[in-house]
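Numbering starts at 1 and runs along the sequence shown.
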Amino acid sequence: MKCKYIIIPDLVLENEKLNSTEKLLMGIIYSLNYNDNVCFASNEYLSKKLKVSKRTITSAISRLKKENLIEIKVINQQRIIYLNKITWQNTSIGVAEFC
């Protein structure tokens with residue numbers, strides 16, 4: 001049976017400044033970053049994945065950035081979400097397709 005999962009690191013899970021949606025979003029960003037520390041997912045994709053509005057995603061991304069968990073860069077009109085170095089180095093990333 002094929003299944004997928006995300007991991008939410010303790011660094012994120014125990015952050016009392018983040019709400020549940022922000023924590024889940026961080027888990028999705030981690031799962032999309034597991035190879036090269038880059039995430040190209042659009043707010044539309046993320047909103048469909050979490051079943052929330054694009055406005056909620058925009059707000060959540062702003063909070064994650066404010067908490068210094070992610071960095072945002074725009075290159076050639078393409079937004080890229082990077083995990084902050086501290087977050088990336090102190091976390092064991094795990095994504096599995098089979099369990």
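Looking at Ser59, its side chain never comes within 3.5 Å of a backbone N or O of Arg55 through a donor-acceptor pair. Listed for the Asn43 side chain is no donor-acceptor partner under 3.5 Å among the backbone atoms of Ile57. Without hydrogens or angle criteria, Arg79 side chain to Cys39 main chain gives no donor-acceptor distance under 3.5 Å. Of the possible donor and acceptor atoms, none in the side chain of Asp10 sits under 3.5 Å from a partner among the backbone N and O of Leu13. Using a distance-only test at 3.5 Å, with no hydrogens or angles considered, no donor-acceptor pair links the side chain of Asn76 to the main chain of Gln78.
Other residues, nucleotides and ligands contribute more than 12 heavy atoms inside 6.0 Å of the NZ atom of Lys23.
Smallest separation of non-hydrogen atoms from Leu25 and Ala60: CD2-CB, 3.5 Å. Here the closest non-hydrogen pair linking Val12 and Met26 is CG2-CG, 3.6 Å. A pairwise comparison of heavy atoms in Leu32 and Ala41 identifies CD1-CB, 3.7 Å as the closest pair. Of all non-hydrogen atoms in Glu67 and Lys17, the two that sit nearest each other are OE2-CD, 3.2 Å.
Between atom CG of residue Leu50 and atom CG of residue Leu24 there is a gap of 6.0 Å, rounded to the nearest 0.5 Å. How far OG1 of Thr56 is from CD of Glu22: 9.5 Å, rounded to the nearest 0.5 Å. With rounding to the nearest 0.5 angstrom, the CD1 atom of Ile81 is 13.0 Å from the OH atom of Tyr30.
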CA sep, side-chain torsions, deciding dist, call: Phe40, Ile80, side-chain contact (heavy atoms from CB on, under 4.5 Å): CA-CA 5 Å; Phe40 297 100; Ile80 305 171; 3.5 Å; yes
Should Leu46 and Ile61 be marked as a side-chain contact (heavy atoms from CB on, under 4.5 Å) after you check the CA-CA gap, both sets of side-chain angles, and the distance that decides it? CA-CA 10 Å; Leu46 296 168; Ile61 287 174; 4.2 Å; yes
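With Leu83 as reference, Ile29 is the one residue of Val38, Ile29, Leu69 to meet the side-chain contact (heavy atoms from CB on, under 4.5 Å) rule.
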